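Below is one structure; the comments refer to it alone.
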Amino acid sequence: MSTNAIAQLFRGDCELGSKVVVKGWVRTRRTSKAGISFVAVHDGSCFDPIQAVVPESLANYEEVTRLGAGCSVIISGTLVESEGKGQSVEIQAESVEVVGWVDDPEAYPIAKKRHTFEYLRTQAHLRPRTNAFGAITRLRNTVANSIHNYFYNNGFNWVNTPLITSSDCEGAGELFRVSTLDMANLPRTDKGDVDYSQDFFGSESFLTVSGQLNVESYCLAMSKVYTFGPTFRAENSNTSRHLAEFWMVEPEIAFADLEDDAALAEDFLKQVFQQVLEQREDDMAFFAQRVDKEAINRLQNVIDSKFVHMDYTDAIETLQKSGKKFEFPVEWGVDMASEHERFLCEEYAKGPVVVKNYPTDIKAFYMRLNDDNKTVAAMDVLVPGVGELIGGSQREDRLDVLDSRMDAEMREHLWWYRDLRRYGTVPHAGFGLGFERLINYISGMENIRDAIPFPRTPGSAPF
RNA sequence: UGGCCUGUAGCUGAGUGGUAAAGCGUCCGGCUGUUAACCGGAAUAUCGCAGGUUCGAGUCCUGCCAGGCCAGCCA
């Protein structure tokens with residue numbers, strides 16, 4: 001008899017009265033002296049565990065009465081309508097095989113009780129057994145799938161940009177070095193510098209901070225492309241919104257300007273949210289109940305409303321006129337601080353807000369210079385709770401302007417990037433979306449370390 | 001990297017210089033088609049580590065370690 005995923009049983013894939021086999025882990029067991037035990041089993045396929053009703057007539061019933069949280073079991077029986085409240089169907093067990101016991105029930109890290117997220121981070125290998133992390137894991141999976149679906153259905157090509165790069169001038173953050181040199185005995189040049197020509201790639205190399213520059217080259221051939229993969233930043237950032245290793249989605253569209261880019265971001269988010277509400281009803285109900293009451297309403301509101309757009313210049317004016325006291329003063333030309341971004345999306349727009357056309361001086365070299373010569377065609381999508389969810393721009397497609405924003409070393413290193421402006425250049429634009437930030441925005445989870453299975457942060461990479 | 005906060009039982013967490021609460025979980029018993037059940041009982045603590053002050057330190061001081069929050073950097 002084949003295994004039945006618990007999700008199938010609740011979904012009605014199996015007829016009542018049919019024989020089913022469930023394999024999973026015990027969440028709770030309650031024994032009734034009337035001669036039955038109730039065993040709740042989860043297998044990760046859906047939020048709810050299934051209840052198996054085990055009669056004392058089973059030969060190994062004594063074993064069953066010793067089952068506790070974390071034990072692994074195979075339960076065979078008949079799928080029946082539940083006599084009790086709280087679940088639609090349950091399994092009338094005909095056999096219970098205990099596959100793995102829990103050594104020391106008292107010390108089992110995931111006891112049948114509430115745990116803090118902070119504690120569960122120290123048990124990252126076992127936390128997927130909890131309600132919350134099971135839900136987050138399924139949410140991540142659904143969102144990733146929705147992202148690929150969105151792009152696939154809209155004619156985008158998924159481009160697998162490299163994780164190892166030799167470019168250290170992208171400006172997106174500190175880089176992790178990749179090297180096979182013997183650290184205890186580094187080769188030196190005549191000048192005494194480390195001789196990277198002897199390193200694996202024949203030059204200095206690093207883990208990527210962004211696939212953008214590479215994906216632009218495919219954009220200028222395939223028209224609509226995106227990357228979706230891990231990125232690495234060696235910033236010493238200790239906040240609830242930063243990881244040293246995180247996943248990023250970076251679409252890039254040709255023959256497009258900043259408005260097209262912003263429109264893509266909005267349509268993309270709305271469609272992903274729509275799919276999440278349709279496909280993860282059970283987990284979203286959990287988030288709304290236990291993590292953030294607004295979790296479901298928030299997504300529905302975003303789907304139903306238009307994003308608020310404002311120029312950086314207007315945003316600064318709005319902040320100045322707000323009458324609110326900020327720790328850092330606002331004036332045209334400054335990079336907005338968290339408190340400013342928070343005000344704009346949480347108090348002013350009360351939802352996602354798109355801020356566009358930032359001062360040239362505070363933005364990256366590849367962003368397109370506007371006609372005013374003061375601002376670039378950049379945009380950030382700010383959302384309540386997580387702040388900057390998306391950062392994007394129209395790219396500088398004019399070689400002379402691009403060159404003016406790079407120094408000699410960059411021009412030499414990024415010769416291939418410059419080539420893209422020499423051979424059939426076109427206006428193009430794209431953005432980067434932090435996948436874990438998206439997961440937190442959707443679920444209402446507050447710490448990004450809980451949005452990824454095994455978080456990597458400064459000073460911490462256990463597991 | 002800076003500022004602030006926190007380390008007490010498996011987990012959560014009281015304890016304001018003088019005998020280390022309690023809840024949950026665990027174990028035992030009772031009850032029950034139960035459902036994060038309920039009732040009764042029991043076991044469980046080098047008070048993060050190392051120094052110092054004191055007759056006496058979980059409590060005060062110093063250093064270190066670990067974690068968290070906020071800020072900067074960004075996604």
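If you're wondering where the values come from, they're calculated on a predicted model, not measured in any experiment. Throughout, protein chains are lettered first and strands after them, A, B, ... in sequence-line order, and every chain is numbered starting at 1.
With both pairing distances under 3.5 Å, rG63(B) is matched to rC49(B) as a Watson-Crick or G-U wobble pair. The partner of rA71(B) is rU1(B), judged by Watson-Crick or G-U wobble contacts that both fall below 3.5 Å. Using Watson-Crick or G-U wobble geometry with both donor-acceptor distances under 3.5 Å, rC55(B) finds its partner in rG18(B). The base-pairing partner of rG33(B), taking Watson-Crick or G-U wobble contacts with both distances under 3.5 Å, does not exist among the strands shown. When both pairing distances are held under 3.5 Å, rG25(B) makes no Watson-Crick or G-U pair with any nucleotide shown.
Among the protein residues, Arg66(A) comes within range of no part of the nucleic acid, since none of its heavy atoms lies under 4.0 Å from any strand. No contact: Arg29(A) has no heavy atom under 4.0 Å from any strand. Backbone-only engagement by Lys112(A) is indicated by non-hydrogen atom pairs under 4.0 Å involving sugar-phosphate atoms exclusively. Across all strands shown, Asp335(A) has heavy atoms under 4.0 Å from sugar-phosphate atoms exclusively, and none from any base. Among the heavy atoms of the strands, none lies under 4.0 Å from Ser37(A). Heavy atoms of Glu327(A) sit nowhere under 4.0 angstrom from any nucleic acid atom. Thr122(A) comes within contact range of no nucleotide atom at all, as no heavy-atom separation falls under 4.0 Å. When heavy atoms are screened at a 4.0 angstrom cut-off, Glu83(A) is found touching base atoms of the nucleic acid. Leu243(A) comes within 4.0 angstrom of a nucleotide base, judged by non-hydrogen atoms across all strands. Within 4.0 Å of Ala69(A), counting heavy atoms only, lies no atom of the nucleic acid at all.
For a distance-only test at 3.5 Å, the side chain of Glu90(A) qualifies as a donor-acceptor partner of the base of rG33(B). Contact of Glu235(A) with rU1(B) (side chain to base): no donor-acceptor pair of N or O atoms is detected under 3.5 Å. In the interface, the side chain of Ser237(A) is not paired with the base of rC74(B) through any donor and acceptor atom under 3.5 Å apart. Counting distance only, with no hydrogens placed and no angle test, the side-chain atoms of Arg241(A) and the base atoms of rC70(B) include no donor-acceptor pair under 3.5 Å. The base of rC11(B) has none of its N or O atoms less than 3.5 Å from a complementary donor or acceptor on the side chain of His115(A). Between the side chain of Arg27(A) and the base of rA36(B), no donor-acceptor pair under 3.5 Å is found. With hydrogens and angles ignored, a donor-acceptor pair closer than 3.5 Å exists between the side chain of Asn238(A) and the base of rU1(B).
For Ala378(A), the side-chain contact (heavy atoms from CB on, under 4.5 Å) criterion is met by Tyr358(A), Lys363(A), Met367(A), Val376(A), Ser393(A), not counting sequence neighbours. Residues meeting the ring pair (Phe, Tyr, Trp, His ring centres under 6.0 Å) test with His125(A), sequence neighbours left out: Phe463(A).
rU59(B) and rG18(B) are spaced 11 Å apart, taking the P atom of each and rounding to whole Å. The separation of rC49(B) from rA66(B), taken at their C1' atoms, amounts to 10 Å, rounded to a whole angstrom. As rounded to the nearest Å, rU46(B) and rA42(B) have C1' atoms that lie 23 Å from one another. Atom name P, nucleotides rC64(B) and rC28(B): the rounded distance is 47 Å, in whole Å. Between rC5(B) and rG56(B), the two P atoms lie 29 Å apart (nearest whole Å). Rounded to the nearest Å, the gap between the C1' atom of rU62(B) and that of rU26(B) is 40 Å.
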- request: With salt bridge (Lys or Arg N to Asp or Glu O under 4.0 Å) as the test, would you mind laying out the steps for Glu436(A) and Arg241(A) before giving the verdict?
  value: CA-CA 9 Å; Glu436(A) 285 76 20; Arg241(A) 309 181 302 282; over 6 Å; no
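Whole-Å rounding puts the Met445(A) CE to rC69(B) C1' distance at 16 Å. Rounded to whole Å, atom P of rU12(B) lies 11 Å from atom CD1 of Ile110(A).
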task: Would you mind building the protein contact string for nucleotides 39-45 of chain B? One character per nucleotide, 5' to 3', B for base within reach (heavy atoms under 4.0 Å), S for sugar-phosphate only, - for untouched.
output: ----BB-
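For the pairing with Thr208(A), the side-chain contact (heavy atoms from CB on, under 4.5 Å) check across Ile164(A), Thr165(A), Val178(A), Leu175(A) returns one residue only, Thr165(A).
Taking 4.0 Å as the cut-off between side-chain N and carboxylate O, Arg121(A) and Asp450(A) count as a salt-bridged pair. Under 4.0 Å is where a charged nitrogen must lie from a carboxylate oxygen, and between Glu259(A) and Lys356(A) at least one such pair does.
Applying a 4.0 Å cut-off to non-hydrogen atoms, the residues of residues 42-62 of chain A that approach RNA chain B are Gln51(A), Val53(A), listed by residue number.
Here the nucleotide nearest the side chain of Arg30(A), chosen from rG33(B), rU12(B), rU34(B), is rU34(B). Closest to the Arg290(A) side chain, of the nucleotides rG10(B), rA36(B), rA75(B), is rA36(B). Which of rC27(B), rU34(B), rC74(B) sits closest to the side chain of Pro105(A) comes down to rC27(B). The nucleotide whose nearest atom lies closest to any side-chain atom of Arg437(A) is, among rG72(B), rG10(B), rC74(B), rC74(B). The side chain of Ser32(A) sits closest to rU32(B) out of rA71(B), rC11(B), rU32(B).
Listed by first and then second residue, the salt bridge (Lys or Arg N to Asp or Glu O under 4.0 Å) pairs that reach into residues 326-345 of chain A come to none, sequence neighbours excluded. Evaluation of the salt bridge (Lys or Arg N to Asp or Glu O under 4.0 Å) test over residues 98-110 of chain A, restricted to residues two or more places apart or in two chains, returns none.
Once the 5.5 Å centre distance and the 30° plane angle are applied, the aromatic ring of Phe246(A) is found stacked with the base of rA75(B).
Side chains of Phe273(A) and Ser146(A) form no contact here, defined as non-hydrogen atoms less than 4.5 Å apart.
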